[in-house]
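Everything below concerns the one structure shown next.
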Protein chains: 2
Amino acid sequence: MPRKPSYDRDALIAQARDIFWRQGWAGTSLKDLERELKLKPGSFYAAFGSKDALYALALQRYAQDGVSNMMALAQELGPLGALKAQPRRVIEASELPTKACMLSKTYAELQAKDHDLADQARTHMIVMKTCFADLFRQAQNAGEIGADHDPDRLAARYQSDLLGLRLSAERDDINAVEIAEDIATDLDRL
Amino acid sequence: MPRKPSYDRDALIAQARDIFWRQGWAGTSLKDLERELKLKPGSFYAAFGSKDALYALALQRYAQDGVSNMMALAQELGPLGALKAQPRRVIEASELPTKACMLSKTYAELQAKDHDLADQARTHMIVMKTCFADLFRQAQNAGEIGADHDPDRLAARYQSDLLGLRLSAERDDINAVEIAEDIATDLDRL
DNA sequence: GGCTTTATTGAGCGATCACTCAAGTATATA
DNA sequence: TATATACTTGAGTGATCGCTCAATAAAGCC
């Protein structure tokens, strides 16, 4: 008896993710979303409830894709190979709306206001860090890196370096590929 | 014959810098500024012209202080000593409104909108990077690091690492001191 | 004290914000 | 085909945005 929506909800979330990712939370107005997603206010609120609710879905999608991307890379190149390849991959992916990490942008923008979304971004970043730590642990067990390193500490440093790299990659005065290679090279000395 | 302002303009700029630094551009309303600086709208606009103009002054102040701070540190500890000390210094300074770099926050927030302030932040970051490069060059000339390194490349990597570190230092799930020490230790291997 | 000059005040401007809702439209079942 | 059920539409809500300006107060010079 009902009528089906004319839109693809998942596609809209991915589209919203790209807009939020690029422009940030405050930088994206409902006008922007309505225009890009081609939804009138009524449909928007029927579909997602609020701007923040859609942002939360976008963050979730972003984080999920990030982890599964890393997992797939590890499957292909092994744990250390994945960790070494990721820096270049992330700055050379040309289809991304922007190079910087959406989680860190969200956290940086909204933490001072104690916004719910900042907490969600923080949680997603912890999951990602845990994923990195697992890969370092696997690399250690495989003998690819020395046993005298704390995988959690390596993961924190690695994630920190990636955040810096991705921020730097937004600047045209910086050769991000060089930084990415230096990060990868450092992993060989472990 | 005239009447003098009752406020200290420099102090107001420093205060505005801290508010903008913490809350970002969109996250800071004129209501916020009027309340914190204790200026009514009329006085505010007579003194600074616009929100963006005050933000530009705040950015400038921030960048100037950053460079002169680094110069002073180099005077005290030498070029390599300053570069090694800075990571810990910047995350342990307890009087800062927030750990993350104001220039990178500004750039990340406003770059997508092609805002003037993003360009200004970018320019300030280049100056800072040049300052780092000079210190690496001095350290090289002093024989403190190998001659087979490009100071500009080292500076770009170093600045990138600092940005990541300072972002990470905002998170309570991360031991930023460990990252800072690892960054400093890496400089010894050059 | 009188006068000029500037600082201070705060009500209020138009624009935009996130969001609502009643009316209209399309579709799956009966 | 008739009806029930959702989806779609867009004008319009109150709140807040950055900002203006006419009125008032205060300070320096004669």
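The basis for the numbers below is simple: all heavy atoms, side chains too, and nothing from hydrogens, waters or symmetry mates.
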#### Entry: Spacing of CZ belonging to A:Phe20 relative to CG belonging to A:Leu117, to within rounding of 0.5 Å
8.5 Å
### Query
So, does A:Tyr62 use its side chain to make a donor-acceptor pair with the main chain of A:Met102 at under 3.5 Å?
yes
### Message
For a quick test of reading the model, state the closest non-hydrogen atom pair linking A:Lys129 to A:Ala155 and the distance between them.
### Response
O-CB, 3.6 Å
### Message
Measuring from the side chain of A:Ser43 (C-beta onward, heavy atoms only), which nucleotide among C:dT8, D:dT8, C:dT9 has the closest atom?
### Response
D:dT8
#### Entry: Close side-chain approach of A:Arg17 to A:Leu57, heavy-atom, < 4.5 Å
no
### Query
Would B:Arg157 and A:Asp161 pass as an ion pair if we require N to O under 4.0 Å?
yes
### Query
Could you give the NZ-to-P distance, from A:Lys40 to C:dA26, as a whole number of Å?
15 Å
### Task
Figure out the OH/P separation between B:Tyr7 and C:dT6, and round it to whole Å.
13 Å
### Query
Looking at B:Trp25, does the NZ or CZ of B:Lys51 lie under 6.0 angstrom from its six-membered ring centre and within 45 degrees of the ring axis?
yes
### Message
Does the protein touch nucleotides 14-19 of chain D at the base, only the backbone, or not at all? Give it as B, S and - per nucleotide, heavy atoms under 4.0 Å.
### Response
---SBB
### Task
Give the C-alpha distance, both sets of side-chain angles, the deciding distance and a yes or no for side-chain contact (heavy atoms from CB on, under 4.5 Å) between B:Leu167 and A:Tyr107.
CA-CA 9 Å; B:Leu167 257 175; A:Tyr107 189 70; 5.6 Å; no
## Note on the structure
Separation of D:dC7 atom C1' from A:Leu12 atom CG, nearest Å, is 14 Å
#### Entry: Fellow cluster residues of B:Val127, listed by chain then number, with links counted only when side-chain atoms sit under 4.5 Å apart
B:Val67, B:Met70, B:Met71, B:Leu80, B:Leu83, B:Val90, B:Ile91, B:Met128, B:Phe132, B:Leu135, B:Phe136, B:Ile145, B:Leu154, B:Tyr158, B:Leu162, B:Leu165, B:Ile174, B:Val177, B:Ile179, B:Ile183, B:Leu187, B:Leu190
### Query
Does B:Arg61 come within less than 4.0 Å of B:Asp18, counting only side-chain N to carboxylate O?
no
## Note on the structure
Sorted by number, residues from residues 111-122 of chain A placing a heavy atom under 4.0 Å from DNA chain D are none
### Message
For a quick check of understanding: with a heavy-atom distance under 4.0 Å over all strands, which category does A:Phe48 fall into, base, sugar-phosphate or nothing?
### Response
nothing
### Task
Could you state the atom-to-atom distance from CG of A:Leu33 to P of C:dC19 in whole Å?
11 Å
#### Entry: Spacing of B:Arg9 atom CZ relative to C:dA7 atom P, expressed in whole Å
11 Å
#### Entry: Distance in angstrom units between A:Phe20 CZ and C:dA18 C1', rounded
11 Å
